[in-house]
Amino acid sequence: LKKTPTAATLNSSPKGFNSKKQNKKKEKKDDYRSDGGDEEEEEEEEDGGVIPEIVTNRMMGRIAASVGIPLFTGLAFFPFFYYLKAVAKLDVPSWIPLIVSFFFFGTALLGVSYGIVSASWDPLREGSTLGWNEAKKNWPVFWQSISSR
């Protein structure tokens with residue numbers, strides 16, 4: 001039987017979803033499970049390590065601050081501009097709230113990345129309050145991990 005292009009497409013895996021690397025991982029997991037081992041240890045070996053919980057908590061706290069502060073500041077400007085327009089009867093051009101919200105919401109978006117890189121990735125070291133020294137050290141590693149994918 002000759003396969004039609006549609007049948008060949010349906011029977012083949014999409015590129016990127018069934019790579020050799022994933023097949024090797026599945027084989028390793030199957031072999032490892034047959035030995036009766038723990039699955040978490042296998043995942044740690046495949047990933048090259050896991051981020052320690054203290055570092056993850058540190059990152060989450062910094063993300064919450066670096067996203068939350070600009071986000072809520074940007075949200076607070078909406079009632080402020082409403083007050084200026086409705087109560088104080090000032091004619092505020094509509095592009096001013098647009099620019100202000102764009103700035104603060106964009107800053108909040110960048111805060112996710114900054115929260116990750118500004119945290120100390122060393123579990124034994126807390127790091128500075130703003131994390132500028134940690135960010136300078138971690139940015140190249142962060143960009144390298146993104147560009148290598």
Side-chain angles (χ1 to χ4, degrees), residues 9-88 90-149:
T9 303
L10 292 174
N11 291 333
S12 67
S13 300
K15 288 185 179 182
F17 289 97
N18 196 13
S19 66
K20 292 179 184 179
K21 186 176 181 181
Q22 287 179 340
N23 285 338
K24 288 180 184 178
K25 285 183 182 181
K26 286 181 185 177
E27 289 172 9
K28 284 182 182 179
K29 282 186 180 180
D30 291 339
D31 292 342
Y32 198 72
R33 285 186 195 147
S34 64
D35 295 341
D38 189 12
E39 205 173 307
E40 288 182 90
E41 291 176 8
E42 177 66 16
E43 289 177 12
E44 288 179 20
E45 290 175 8
E46 288 176 7
D47 295 341
V50 178
I51 299 173
E53 185 176 351
I54 191 165
V55 175
T56 304
N57 292 341
R58 197 178 294 150
M59 285 180 183
M60 293 306 290
R62 287 189 181 266
I63 289 171
S66 61
V67 170
I69 293 170
L71 180 68
F72 290 118
T73 304
L75 289 173
F77 271 102
F78 288 123
F80 174 72
F81 285 122
Y82 175 79
Y83 173 81
L84 289 178
K85 196 156 193 124
V87 178
L90 288 174
D91 188 27
V92 179
S94 60
W95 59 270
I96 292 177
L98 179 71
I99 296 295
V100 169
S101 63
F102 181 77
F103 173 76
F104 282 106
F105 296 154
T107 304
L109 184 63
L110 292 175
V112 175
S113 297
Y114 186 74
I116 292 170
V117 298
S118 67
S120 174
W121 292 355
D122 182 5
L124 303 176
R125 197 171 61 81
E126 184 66 31
S128 63
T129 304
L130 294 177
W132 186 247
N133 292 332
E134 289 81 9
K136 286 193 293 188
K137 185 174 79 175
N138 295 337
W139 269 118
V141 178
F142 184 73
W143 283 113
Q144 183 182 10
S145 70
I146 290 173
S147 65
S148 67
R149 291 180 185 219

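Numbering of residues begins at 1 and proceeds along the displayed sequence. Below, each value reflects all heavy atoms present in this structure, side chains not excepted, and no hydrogens, waters or symmetry copies.
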**Asked** In Å and rounded to the nearest 0.5 Å, what is the OG to CZ distance from Ser147 to Phe142?
**Response**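 Ser147 atom OG to Phe142 atom CZ measures 11.0 Å (nearest 0.5 Å).
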**Message:** Rounded at 0.5 Å granularity, tell me how far CE in Met60 sits from OG1 in Thr56.
**Reply:** 8.5 Å
Show the nearest heavy-atom pair for residues [X] and [Y], with the distance to one decimal.
| X | Y | value |
| --- | --- | --- |
| Ser120 | Val55 | O-CG1, 3.8 Å |
| Ser66 | Gly111 | OG-O, 2.6 Å |
| Val117 | Asn138 | O-ND2, 3.0 Å |
| Lys85 | Val92 | NZ-O, 3.2 Å |
| Leu130 | Ser118 | O-CB, 3.9 Å |
| Pro70 | Ala65 | CD-O, 4.0 Å |

**Request:** Flag yes if more than 12 heavy atoms outside Trp139 fall under 6.0 Å of its CH2 atom; otherwise flag no.
**Result:** yes
**Trp121 side chain near Ile116 side chain, heavy-atom distance below 4.5 Å** =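 Yes. Closest side-chain heavy atoms under 4.5 Å.
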**Prompt:** Would you say the side chain of Leu84 lies within less than 4.5 Å of the side chain of Phe81, judging by non-hydrogen atoms?
**Reply:**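 Heavy-atom side-chain distance check passes, below 4.5 Å.
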Identify every side-chain donor-acceptor pair in residues 71-80 under 3.5 Å, counting partners at least two apart or on other chains, and give the distances.
from: Thr73; atom 1: OG1; to: Ile69; atom 2: O; distance (Å): 2.6

**Message:** Would Tyr114 and Arg62 count as a side-chain contact (heavy atoms from CB on, under 4.5 Å) here? Give the steps.
**Reply:** CA-CA 8 Å; Tyr114 186 74; Arg62 287 189 181 266; 5.6 Å; no
**Request:** Not counting sequence neighbours, list each pair that qualifies as a salt bridge (Lys or Arg N to Asp or Glu O under 4.0 Å) and has a residue in residues 111-125.
**Result:**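 The answer is Arg125-Glu134.
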**Message:** Under the side-chain hydrogen bond (donor to acceptor under 3.5 Å, both in side chains) definition, can you give me all pairs with a residue in residues 92-110, not counting sequence neighbours?
**Reply:**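 Counting only pairs at least two positions apart or across chains, no side-chain hydrogen bond (donor to acceptor under 3.5 Å, both in side chains) contact touches residues 92-110.
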